[in-house]
Amino acid sequence: QVQLVESGGGLVQPGGSLRLSCAASGSIFVIYTMNWYRQTPEKQRELVAGITSGGTTNYADSVKGRFTISRDNAKNTAYLQMNSLKSEDTAVYFCNADVRTSSLYGGSRRNYWGQGTQVTVSS
């Protein structure tokens, strides 16, 4: 079993910055891709940024140039550095990971989701 735990959300003013973390734990063999999604009650969940095991990144057009995704493979952790935040960035941010679990523990490959962390940009 794999757990993803997000942290780093909070309330910031427009133009401010936040750094989100996503820590994966459990019987992990390899994490192929880690992604950040966000969701509001008014909008569907959308992909914000993704990063492959090799370090290739992709971003939604709305955040490109402002957000940076990175990962620490040794820690099974992904980060999302968010700069120049706008009110429209307000959302619950979810970590997602494509994970292969250890074959020693009945390995399989599937997507896992974190519980989400609230980011609010106001004032």
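Residue numbers run from 1 in the order of the sequence given.
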S.K.: Out of curiosity, E88 CD to T40 OG1, how far, rounded to the nearest 0.5 Å?
M.R.: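 Result: 11.5 Å between the selected atoms.
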S.K.: Got a sec, which pairs hit salt bridge (charged side-chain N to carboxylate O under 4.0 Å, His left out) with one end in residues 112-123, sequence neighbours left out?
M.R.: none
S.K.: Does S122 have any side chain to side chain contact (heavy atoms under 4.5 Å, CB included) partners at least two apart in sequence or in another chain, and if so, which?
M.R.: L11, T120
S.K.: Are the side chains of T90 and Q118 in contact, using a 4.5 Å heavy-atom criterion?
M.R.: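 Counting from C-beta outward, Q118 and T90 do come under 4.5 Å.
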S.K.: Looking at T101 and S108, would you say the former's side chain and the latter's main chain have a donor-acceptor pair under 3.5 Å?
M.R.: yes
S.K.: Using the test side-chain hydrogen bond (donor to acceptor under 3.5 Å, both in side chains), find all partners of N83 that sit at least two apart in sequence or belong to another chain.
M.R.: S17, Q81
S.K.: Between Y112 and V2, which heavy-atom pair has the shortest distance, and what is it?
M.R.: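 Answer, listing the atom of Y112 first, then V2: CD2-O, 3.5 Å.
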S.K.: Could you list all the ring-ring contact (aromatic ring centres under 6.0 Å, His included) pairs where at least one residue sits in residues 15-35, not counting sequence neighbours?
M.R.: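 Qualifying pairs, neighbours excluded: none.
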S.K.: Are V48 and V92 linked, directly or through intermediate hydrophobic residues, by side-chain heavy-atom contacts shorter than 4.5 Å (ILVMFWY only)?
M.R.: no
S.K.: Return the minimal non-hydrogen interatomic distance between I31 and A24, and the atom names on each side.
M.R.: CD1-CB, 3.8 Å
S.K.: Quick one: closest heavy-atom pair of V119 and L18, and the distance?
M.R.: CG1-CD1, 3.8 Å
S.K.: Any disulfide (SG to SG under 2.5 Å) involving residues 14-101? Give me the pairs, sequence neighbours left out, ordered by first then second residue.
M.R.: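 Sorted pair list: C22-C95.
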S.K.: Of all residues at least two apart in sequence or in a different chain, which pass the salt bridge (Lys or Arg N to Asp or Glu O under 4.0 Å) check with R66?
M.R.: D89
S.K.: So M82 and L20, do their side chains get closer than 4.5 Å, heavy atoms only?
M.R.: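 Yes - at least one pair of side-chain heavy atoms lies under 4.5 Å apart.
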S.K.: With sequence neighbours excluded, tell me which residues meet side-chain hydrogen bond (donor to acceptor under 3.5 Å, both in side chains) with S27.
M.R.: none
S.K.: Taking only residues at least two apart or on different chains, which pairs with a member in residues 18-28 satisfy salt bridge (charged side-chain N to carboxylate O under 4.0 Å, His left out)?
M.R.: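 As it turns out, there is no salt bridge (charged side-chain N to carboxylate O under 4.0 Å, His left out) pair with a partner in residues 18-28 once direct neighbours are skipped.
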S.K.: Rounded to the nearest 0.5 Å, how far does OG of S53 lie from CG of N73?
M.R.: 7.0 Å
S.K.: Within a strict 4.5 Å, meaning less than it, do heavy atoms of the Y93 and E6 side chains meet?
M.R.: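 Sidechains of E6 and Y93: no contact.
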S.K.: Minimum heavy-atom separation for N35 to G50, with atom names?
M.R.: OD1-CA, 3.3 Å
S.K.: Show which residues join V5 in its hydrophobic cluster (side-chain heavy-atom contacts under 4.5 Å, direct or indirect), or state none.
M.R.: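 Besides V5, the hydrophobic cluster comprises nothing; the residue is isolated.
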S.K.: Looking only at heavy atoms, what is the nearest atom pair of K43 and Q39, with distance?
M.R.: O-CG, 3.7 Å
S.K.: Drop me the distance from Q13's CD to S123's OG, to the nearest 0.5 angstrom.
M.R.: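 These two atoms lie 6.0 Å from each other.
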S.K.: Hydrophobic cluster membership, with links at side-chain heavy-atom distances under 4.5 Å among I/L/V/M/F/W/Y: are F94 and L80 in one?
M.R.: no
S.K.: Under 4.5 Å between any side-chain heavy atoms of D72 and Y79, yes or no?
M.R.: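 Counting from C-beta outward, D72 and Y79 do come under 4.5 Å.
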S.K.: Could you list the residues that satisfy ring pair (Phe, Tyr, Trp, His ring centres under 6.0 Å) with Y37, not counting sequence neighbours?
M.R.: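 Residues passing ring pair (Phe, Tyr, Trp, His ring centres under 6.0 Å) with Y37: W113.
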S.K.: Salt bridge (charged side-chain N to carboxylate O under 4.0 Å, His left out): which pairs involve residues 102-118, sequence neighbours left out?
M.R.: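 Listed by first then second residue: D98-R109.
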S.K.: Do any side-chain atoms of residues 54-65 form donor-acceptor pairs under 3.5 angstrom with protein atoms, and if so which ones, sequence neighbours left out?
M.R.:
residue, atom, partner, partner atom, Å
Y59, OH, I69, N, 2.9
S62, OG, R38, NH2, 3.3

